[in-house]
Every structure is written in C-alpha cells, then in structure tokens.
Amino acid sequence: MTIAEKLQTIAEKQQEVYDKGLFHGEMAGLDRGVEIGNEQYYQYFWDSITAKGTRTSFIYAFVQWDSSIFYPPYDIRPTGSAASMFQTMRGEPIDLKSRMDECGKVLDFSQVTNSNWIFGYSYFTRLPKLDFSKSTTLNGAFYGMTYLETIDELCIKADGTTDLSTAFSSDTALKNIKISGVIGLNGLNLQWSTLLTEASLISIVNALSNTTTGLTITLPLAAVKREFGKYTDDGNGVLTAEWAYLASEHTNWNISLI
Amino acid sequence: MKTRKILYADEGKVLTDGTHYGKQIFLADGVDESAYHEITDEEYQAILAAEEAAIITPEG
C-alpha cells in the first residue's frame, strides 16, 4: 500500500468513526429528549388534571385509572364532596401510603364532607391515615376492596353521626384498621372481614358510641373466635373473659357475630 | 356488674330481626329477644346474594 493509499484509508476510517459517533450521539440525545419530553408531558398532564395543584374538587377524578400512572406531583387536598374519587382505580394493586410517600406528596381529606364510594371497588392494598372527621357519610367508601389489608387510621366524626352503611361490604382481605372518632349512625357491618386482628377488633368496639341506642354492629364470628377464643377440653370453643369485658362495655349496642 | 343476654343460633341456622343477622347475638340493654327468629343458612345466603345484586353504586 502506498502512502497515498494509507492516507486515503485513514481518511475513510476517520469518516466512519465520525459517522458512528454522530449516530450514537444523536440516538443518546434522542433518548434523553424523549425522556425529558415524557417528563414534561407527564407534568403537563398533572398540571391539567389538577390545575397546577390548585384543584379542590375531585369527584370521580380518578375513576378507572390504572394505578401505574398515579404518581401525583402535587399534594391532593379535596374539599366538599370527594365522592367516588378513587372508585374502580385498578391495575396492579398498590399500597397508597407508600405511593404517596414515594411521591413526597400528601393526601388530605380533612376538609371533605362527603366520602361516598370514595375508594369503592378499587385495588389498593393499604390506605394511609384517612382524616374523614368532617365527612357525614362514608357509604360504600371501601365497598368491594378485595385487596385491601390495611387502613392505617380511619378518622370519623367525633359525634357519632358518620354514616358507615355498606362502607366495608365484601372487604374479605381487611386485617388491620384503627378507628378514631365515634361509630354511631346506622351502625356498622364488618362481617366479610374474617382476618381482622385482635387490635383491630378492639379498636372498632372501643369506637362504638356510648350514648346511642337501637344500633347493631356486625362482626365476623371467625375473627372474634380466632382472636378471643380458647378451646376447652371437650373441644368446644368459648370466648374469653377479654371479649366478654369488651362486649360488656357497650351494652347499648347489639353485637352480632356471623 | 354488667350482664347481657346472648342468643345462639342452632346448627345450620342464622338469627335475624329482619335487618341484621348473626350466629351469636349479644343483645343490647332492653332489647326483646322475641324480635329475633331463625332462618336457615341457605335462606341467609340467598338474602346476601339479593342484597349484593341490589347494591346501587353512584353510577346506578
């Protein structure tokens, strides 16, 4: 190969390397551009959904959303009615407490007055502390949440006037719930939640109003037996003195076990 | 000392006052036990299914 031919080959290689570098640089730039575009689009999407974080009316806001796109970049603070806000949000069942923590954002229901069906039929496994202390009604609020295992804390009205009708119907996976406030109006039915823990059952019973009359709370017999039962030598199960004491504190209520 | 009356359903039966249902009912003070009667487990399951079918979501 002559010197001239070698120089020609080098020139061609240089061009080839340049072209490859340009191509990879462009592709990396394109990928980054797409990434930034998606981030901006997602932000734009949430800006539109929440009026740049100023929205306060969330009735039906996230109905039938897929949980995989629920990464709010703003605190969510509904006021007035939040009825059906998360109803039928599905996709992969998620822990809403962890999701909000991951986003570093707050879900604040303290100014909500109507929480009917707010989480009905949705696929959450865990809900964070829910301040419904101004909500007059939680009818159907957690209805049909078959993946729900934990509500960190459910705060209801202190005067016992929260309507909890059908709030927990068909919640077969519910294990842990802490209730603050007073259960009164229309009673409560938790018969489907056979996995409730001792602490949860105590929290529920202790939240029963001491002043109302003519009301019934229905609890799952299987959970009460498991958490408060003991078995005698003849094989028969009996409820413990701890349960008897708990029940005796609320003789203004019918306690139905099924 | 507080006491309360407890009603126990027979095997295969459920107690009801027409609105609430239980295998064991811890009666509230002053509640008349005659308000409760027994139905069969099958009847109870049919009632549950009917209530489920009749549930009205916000969408109707």
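Not measured: the values here are computed from a predicted model. Chain letters run A, B, ... following the sequence lines, proteins first, then strands; residues in each count from 1.
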What part of [X] is in contact with chain B, defined as an atom under 4.5 angstrom from a non-hydrogen atom: side chain, backbone, both or neither?
X: A/S169; answer: neither
X: A/Q191; answer: side chain
X: A/T218; answer: side chain
X: A/T213; answer: neither

Indicate the ring-plane relationship of A/F109 and A/F119, choosing parallel, tilted or perpendicular according to the 30° and 60° boundaries.
perpendicular
If we define contacts as heavy-atom pairs under 4.5 Å, which of B/L15, B/D29, B/L27 has the most with chain A?
B/D29
Verify, without hydrogens or angle tests, whether B/D17 (side chain) and B/Y36 (backbone) share a donor-acceptor contact under 3.5 angstrom.
no
For residues A/W65 and A/T88, determine if any side-chain heavy atom of one lies less than 4.5 Å from a side-chain heavy atom of the other.
no
I need the single residue from A/N186, A/N116, A/N189, A/N139 that forms a side chain to side chain donor-acceptor pair (under 3.5 Å) with A/T166. Which is it?
A/N139
Both conditions, 6.0 Å and 45 degrees, for the charged tip of A/R126 above the ring of A/F124: are they met here?
no
